[in-house]
Visitor: 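Handing you a structure now.
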2 protein chains.
Amino acid sequence: MSVIRGARQRARIEVTAAIKDEARRQLAAEGAARLSLRAVARELGMVSSALYRYFPSRDDLLTALIIDAYNALGEAAEAALAESKGVPPADRWRAVCQAVRRWALAHPHEYALIYGSPVPGYTAPRDTAAPAARVGRALLAVALDAQEDGELGEPADGPLPPGVRTDVERIAAELAADLPQPVIAGLTAAWSQLFGLVGFEVFGHFNNVVEARDEFFDHSCAALAHQVGLSSAHGTHGAHGRLLPRE
Amino acid sequence: MSVIRGARQRARIEVTAAIKDEARRQLAAEGAARLSLRAVARELGMVSSALYRYFPSRDDLLTALIIDAYNALGEAAEAALAESKGVPPADRWRAVCQAVRRWALAHPHEYALIYGSPVPGYTAPRDTAAPAARVGRALLAVALDAQEDGELGEPADGPLPPGVRTDVERIAAELAADLPQPVIAGLTAAWSQLFGLVGFEVFGHFNNVVEARDEFFDHSCAALAHQVGLSSAHGTHGAHGRLLPRE
DNA sequence: CAACAACGTGAGCAGTGCTCTTGCGAAGGC
DNA sequence: GCCTTCGCAAGAGCACTGCTCACGTTGTTG
């Protein structure tokens, strides 16, 4: 299984990786719309038709890049989660959010590929589901660890509508997350709202509106943490110097 | 100025409108990526090159559609604002949010055009700024009216970071909005977070996660209203039957 | 009426995704 | 060791795209 069969399969793996690398380069430079199979092949010194031995279509290449992007973003979030072990839950939350934001700002076209308009066919393949869930799982882990340490309050929202309750119960069962129902609901909302904040910044909707991007994002994330039920230690509110070094 | 000069100018206006209509049709049917100048010209019974007398390039056509989409969404939000005059501020807030969501779900490709990945050139023209601001202004109007009626509380967030304060002061001056600073900050965040919620639903990120979309969105919007400082009347929480008829 | 500008036409260029046939060289069974 | 099979690259080609340009036609205006 994991044994390398021969020179042929090894070459195939290498060429596939080279194609993805070059495609990612063009994606980062020009955006998904400008990504061209022929240009990738040209840069790699092969004929365009040869590329179809590795990816059945342009959309399949894009799908591969989508999965890679989800994984890269997920890794960034998980790294922030691991590094912030031990700090107060609200600060951990902000650390994970900032990691997501930083990755998005550093890779705007890849971010647009996964959280912008769904371009290939308008239906995401099944393979993207698991990588796409990694950021959400990282956010959830913050809440889980906070609960373990007894630092998780319950958000004082109104009662959950019945449909939301069944959704929340299913989510709790799937992820084996033994959290209060309002926390899971708040977490789901905060998850999407985080990408609202990040998307607005990356896509330029904050131009001429918000200039102090760093501070505004951090402040808004603190509010999100509160909404989820993560108690914030007073005083550490504006001091994100140690935890989140600038660049 | 407003007098119609002759048959020629009248024809120009009509043809321009016909091109935009057909383009909008193809946009709604297939998405921005599949929109083809030649197909539009073909459908209109003219030669593709003739189309360049009206729009200098494909991107210019798309820009026109973007402005139209911003205006259509803005009108939907403003209509909800006008219709909900007199109801409690939190309910008004939810009504405007639901209007935005409904328009987005009804016009997913147009929504993707304006709030998805920025496709043309990666820099939005200046003409889009004013139409793009209409939804934000509608949300702001809810807070302004609430303040007039003395129904605006102050969100109990931490103190605003200094950079955010200057941003907020500039926004308050530009829009002549005499609101508490934390309200403006919360409003800006809620504005972007609203599009996080809507975008996740339209783009399918809630698939297999949230099924009770209507209830979840309404519940989350109530939380957003609270974050802004709009006091919600208890009891009307889950009853969105009268205010927001299903379809 | 004549000059001009706006407009529609068709050919053409460079580029795209994708298919198909052809030939070559490595992998594996006898 | 030979031979068959299969994976792979090459090249031609199809249908399509955005866009340009020279050419007539036609409404507008001095």
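Residue numbers start from 1 in every chain, and the chains themselves are labelled A, B, ... in the order their sequence lines are given, proteins ahead of strands. As the structure is a prediction and not an experimental result, all values here were calculated from the model.
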Visitor: Between B/Tyr115 and A/His205, is the ring centre distance below 6.0 Å?
Guide: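 When the ring centroids of B/Tyr115 and A/His205 are compared, they turn out to be within the sub-6.0 Å range.
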
Visitor: Keeping A/Asp60 on the side-chain end and A/Pro56 on the backbone end, is there a donor-acceptor pair under 3.5 Å?
Guide: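 A pair under 3.5 Å: no.
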
Visitor: Expressed as a whole number of angstroms, how long is the span from B/Tyr52:OH to D/dC19:C1'?
Guide: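 Going from OH in B/Tyr52 over to C1' in D/dC19 covers 5 Å.
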
Visitor: A/Leu51 has an atom CG; how far is it from atom P of C/dT19, in whole Å?
Guide: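 Whole-Å distance recorded here is 13 Å.
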
Visitor: Once side-chain hydrogen bond (donor to acceptor under 3.5 Å, both in side chains) is applied, do any residues pair with B/Asp127, and if so which ones, sequence neighbours excluded?
Guide: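 Expected list: none.
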
Visitor: Does anything in residues 38-50 of chain B come within less than 4.0 Å of DNA chain D? Heavy atoms only, and list the residues if so.
Guide: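 Output list: B/Arg38, B/Arg42, B/Ser48, B/Ser49.
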
Visitor: Rounded to the nearest 0.5 Å, how far apart are OH of B/Tyr70 and CG of B/Leu113?
Guide: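 It is 8.5 Å, given to the nearest 0.5 Å.
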
Visitor: Calculate the interatomic distance between B/Asp60 atom CG and D/dG18 atom C1'; express it in whole Å.
Guide: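 Answer to the nearest Å: 13 Å.
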
Visitor: For A/Arg101 and A/Gln98, which I'm curious about, is there any donor-acceptor pair between the side chains at under 3.5 Å?
Guide: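 Checked: A/Arg101/A/Gln98 side chains pair up, N/O donor to acceptor below 3.5 Å.
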
Visitor: Using the salt bridge (Lys or Arg N to Asp or Glu O under 4.0 Å) rule, collect all pairs that involve residues 106-118 of chain A, keeping only residues at least two apart or in two chains.
Guide: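 Every candidate salt bridge (Lys or Arg N to Asp or Glu O under 4.0 Å) pair involving residues 106-118 of chain A fails, so no pair, neighbours aside, qualifies.
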
Visitor: Calculate the interatomic distance between A/Phe55 atom CZ and C/dT16 atom P; express it in whole Å.
Guide: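 Atom CZ in A/Phe55 sits about 18 Å away from atom P in C/dT16.
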
Visitor: Charged N to carboxylate O under 4.0 angstrom, B/Asp214 versus B/Arg102?
Guide: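 A salt bridge is absent here (no side-chain N lies under 4.0 Å from a carboxylate O).
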
Visitor: Using the test salt bridge (charged side-chain N to carboxylate O under 4.0 Å, His left out), find all partners of A/Arg170 that sit at least two apart in sequence or belong to another chain.
Guide: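 In terms of salt bridge (charged side-chain N to carboxylate O under 4.0 Å, His left out), with neighbours along the sequence ignored, A/Arg170 is linked to A/Asp167, A/Glu174.
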
Visitor: C/dA5 C1' sits how many Å from B/Gln9 CD, rounded?
Guide: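 Distance, rounded to whole Å: 12 Å.
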
Visitor: Would you list the atom pairs, donor with acceptor, under 3.5 Å between side chains in residues 25-33 of chain A and any protein atom, with sequence neighbours excluded?
Guide:
from, atom 1, to, atom 2, distance (Å)
A/Arg25, NH1, A/Glu22, OE1, 2.9
A/Arg25, NH1, A/Glu22, OE2, 2.9
A/Gln26, NE2, A/Glu22, OE2, 3.3

Visitor: Who passes salt bridge (charged side-chain N to carboxylate O under 4.0 Å, His left out) against A/Asp21, sequence neighbours left out?
Guide: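 By the salt bridge (charged side-chain N to carboxylate O under 4.0 Å, His left out) rule, A/Asp21 matches A/Arg24.
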
Visitor: Mind jotting down which residue pairs meet the salt bridge (Lys or Arg N to Asp or Glu O under 4.0 Å) criterion with at least one end in residues 72-81 of chain A? Sequence neighbours excluded, please.
Guide: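 Pairs touching residues 72-81 of chain A that pass the test: A/Glu78-A/Arg134.
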
Visitor: Mind calculating the distance between CD1 (B/Ile13) and P (C/dC7) to the nearest angstrom?
Guide: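 Distance check: B/Ile13 CD1 to C/dC7 P gives 11 Å.
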
Visitor: Can you measure A/Arg58 atom CZ to D/dC16 atom C1' for me and round it to whole angstrom units?
Guide: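 For the pair A/Arg58 CZ and D/dC16 C1', the rounded distance is 14 Å.
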
Visitor: In a table with atom names and distances, give each donor-acceptor pair under 3.5 Å that connects a side chain of residues 186-194 of chain B to protein atoms at least two apart or in another chain.
Guide:
from, atom 1, to, atom 2, distance (Å)
B/Thr188, OG1, B/Ile184, O, 2.8
B/Ser192, OG, B/Ala189, O, 2.9

Visitor: For B/Arg34 and D/dT17, what is the distance between atoms CZ and P respectively, to the nearest whole Å?
Guide: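 The distance from CZ of B/Arg34 to P of D/dT17 comes to 12 Å, rounded to the nearest Å.
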
Visitor: Do any of residues 16-30 of chain B sit with a heavy atom less than 4.0 Å from DNA chain C, and if so which?
Guide: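 Heavy-atom cutoff 4.0 Å gives no residues at all.
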
Visitor: End-to-end bend of the helix from C/dC1-D/dG30 to C/dC30-D/dG1 (five-pair axes, 10° rounding)?
Guide: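 One end axis against the other gives 0°.
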
Visitor: Please state whether the phosphate of C/dG17, meaning OP1 or OP2, lies under 4.0 angstrom from any side-chain nitrogen or oxygen of A/Ser36.
Guide: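 Answer is yes, contact under 4.0 Å.
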
Visitor: Check nucleotides 4-8 of chain D for protein N or O atoms closer than 3.5 Å to its own N or O atoms and list the pairs.
Guide:
from, atom 1, to, atom 2, distance (Å)
D/dG7, N3, A/Arg8, NH2, 3.2
D/dC8, OP1, A/Arg12, NH1, 3.2
D/dC8, OP2, A/Arg12, NH1, 2.8

Visitor: Base, sugar-phosphate, or nothing for B/Leu35, non-hydrogen atoms under 4.0 angstrom?
Guide: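 B/Leu35: backbone/sugar contact only, no base atoms under 4.0 Å.
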
Visitor: Would you be so kind as to tabulate the donor-acceptor pairs closer than 3.5 Å made by side chains of residues 35-42 of chain B, with sequence neighbours excluded?
Guide:
from, atom 1, to, atom 2, distance (Å)
B/Ser36, OG, B/Arg38, N, 3.2
B/Ser36, OG, B/Ala39, N, 3.0

Visitor: Ignoring hydrogens and angles, tell me if any N or O in the side chain of A/Ser84 forms a donor-acceptor pair with the backbone of A/Ala95 under 3.5 Å.
Guide: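 Here the side-chain-to-backbone pair does not exist.
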
